[in-house]
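Notes follow once the structure below has been shown.
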2 protein chains.
Amino acid sequence: MGDTAVMTPSAPTRGRRPMSDRRRWLQRLEISRAAIRLFAEQGVTETTGEQIAEAVGLSARTLWRYFRSKESCVEPVLSLTTDAFVETLRRWPTGTALEEHLVADHRPPEQDGEASLAVVAMSRHEPALRAIWLVVYERAEAVLAEVVAERLGREPDELAVRVQAATLAAALRITTEDIAADCADGRTRPREEGLARLSEAVRSATHGVVGDVPA
Amino acid sequence: MGDTAVMTPSAPTRGRRPMSDRRRWLQRLEISRAAIRLFAEQGVTETTGEQIAEAVGLSARTLWRYFRSKESCVEPVLSLTTDAFVETLRRWPTGTALEEHLVADHRPPEQDGEASLAVVAMSRHEPALRAIWLVVYERAEAVLAEVVAERLGREPDELAVRVQAATLAAALRITTEDIAADCADGRTRPREEGLARLSEAVRSATHGVVGDVPA
DNA sequence: CGATTTTATGGCACTCTCTGCCAAGATAGC
DNA sequence: GCTATCTTGGCAGAGAGTGCCATAAAATCG
């Protein structure tokens, strides 16, 4: 009762402070960029963990402290695209159609959009990258469930809400894969077409159910 | 024109025949069962590839010819559950509601149902198993796309069809995860309740759109 | 039957991934 | 300065997974 700082189990005010979450996130992102560049240049199997570490000026030992496998190094950059979707959905005003909001408001990540698409394209023939890609999207499902739940005035752990979130995630994922495939095969596309596809996918996935708040 | 057996690039009628697909499939299934048993008994990281190989009377070298990683050994058993879903959907008569057909007709795999659920339960804390699980379901999406396409009289590669298939797959996957979680936490459940959940998930995912053939 | 061809398997050596352990460097308050 | 806490690197090691080659198992042909 009279304790001062027992709330947090670790409250040492002495010695070096642990790396901030922000800084750790940046470090992982930088590693991710380097790894993707190497994967694209020389292939995944031809790239060793030591090369990735060297590219960002770290030792291999430290690299394995940031990532549990060399393939999972692509995760932070991939997460940027799912995060962008989630943020767009957070800004989605009630009373408007989801598809129109996506077209009007969604912006893919500024700097890493191409790198992200490159990974998705590589994942077509690299099972390990495929697995990472799917795991990243599954993590997005949980966040989308919160958004959908708030939207519908229900709880995030309800089965119907989770299914709806997964449905939404699947639509976004498949569209992204589609665009990445075209992009990798040299077919360039205007961004309006990508958003149009996105809109179509979301429409056929939701059938307007989350488009407006029901009673 | 006058050639006799040039149609197939490999038509040697001499020497030992390659292992039949069926036999190879059985061998992979047997390995899968042994691996899952070991994973459940002593954990994934504590189980070595050599142990899995030994459990089925193979050398480690041969094991790596059947599976590319020790985690992927669980794949054949997991596929049994997705295959069961796909087969149920194939038997789905036109003009009936999908949910009712599932409740009336679906039977999970006879022998490996529990093992499969055990893997799904383990996958909550084992990222590698999680990845396999997601990949297995993604493969099911492609097959479901064919079923949905035929059902709707459209093409399997259409975006809307693929999204619909992915939606269906997500509903099945999440419900299975739900059941596996309850099962692993000791909460036993009658199979009717599982099917009821399945039905609810499918309903909230499809909104009856694939329930009947539209014009 | 043996000779021959093709495939499946096993053994060995090897690289690479990833971890545990400890020492050294960095940052903070005393 | 001293001390505490955290980060990093180096090193050794277990395990994953592969290439290579020898051998065993099927199958056909003579």
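Below, read A as the first sequence line, B as the second, and so on, with proteins coming before strands; counting in each chain starts at 1. Everything numeric here is computed off the predicted structure, so don't read it as measured data.
Salt bridge annotation for A:R162-A:D157: absent, with no cationic side-chain nitrogen under 4.0 angstrom from a carboxylate oxygen. Using a 4.0 Å cut-off between charged side-chain N and carboxylate O, A:R197 and A:E200 make no salt bridge. Of the charged side-chain nitrogens involved, none lies within less than 4.0 Å of a carboxylate oxygen, so that B:R124 and B:E177 do not count as a salt-bridged pair. Between B:R91 and B:E87, none of the side-chain N atoms (NZ, or NE/NH1/NH2) sits under 4.0 Å from a carboxylate O, so this pair counts as no salt bridge. Using a 4.0 Å cut-off between charged side-chain N and carboxylate O, B:E141 and A:R173 make a salt bridge. B:E75 and B:R139 are joined by a salt bridge, as a carboxylate oxygen and a charged side-chain nitrogen come within less than 4.0 angstrom of each other.
Taking every heavy atom of both residues into account, A:A171 and A:A205 meet most closely at CB-CB, 3.8 Å.
Taking only distance into account, the side chain of B:R17 never meets the base of D:dA26 through a donor-acceptor pair shorter than 3.5 Å.
Side-chain atoms of B:R16 lie closest to D:dA25 of the nucleotides D:dC29, C:dT27, D:dA25. Each of D:dT8, C:dT9, C:dG29 was ranked by its minimum atom distance to the side chain of A:R14; first place goes to C:dG29.
Fit an axis to the five pairs at each end of the helix from C:dC1-D:dG30 to C:dC30-D:dG1 and the two axes sit 0° apart, to the nearest 10 degrees.
Judged by distance alone, the side chains of B:S59 and B:T62 do bring a donor and an acceptor atom under 3.5 Å apart.
A straight line from CD of A:E54 to P of C:dT17 spans 14 Å, rounded to a whole angstrom. Straight-line distance from the CE atom of A:M19 to the C1' atom of D:dT5: 14 Å, rounded to whole Å. Protein atom CG of B:D21 is 11 Å distant from nucleotide atom P of C:dA8, rounded to whole Å.
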Reading nucleotides 13-21 of chain D from 5' to 3' and marking B where a protein heavy atom lies under 4.0 Å of the base, S where only the sugar-phosphate is that close, and - otherwise, the string is ---SBBBB-
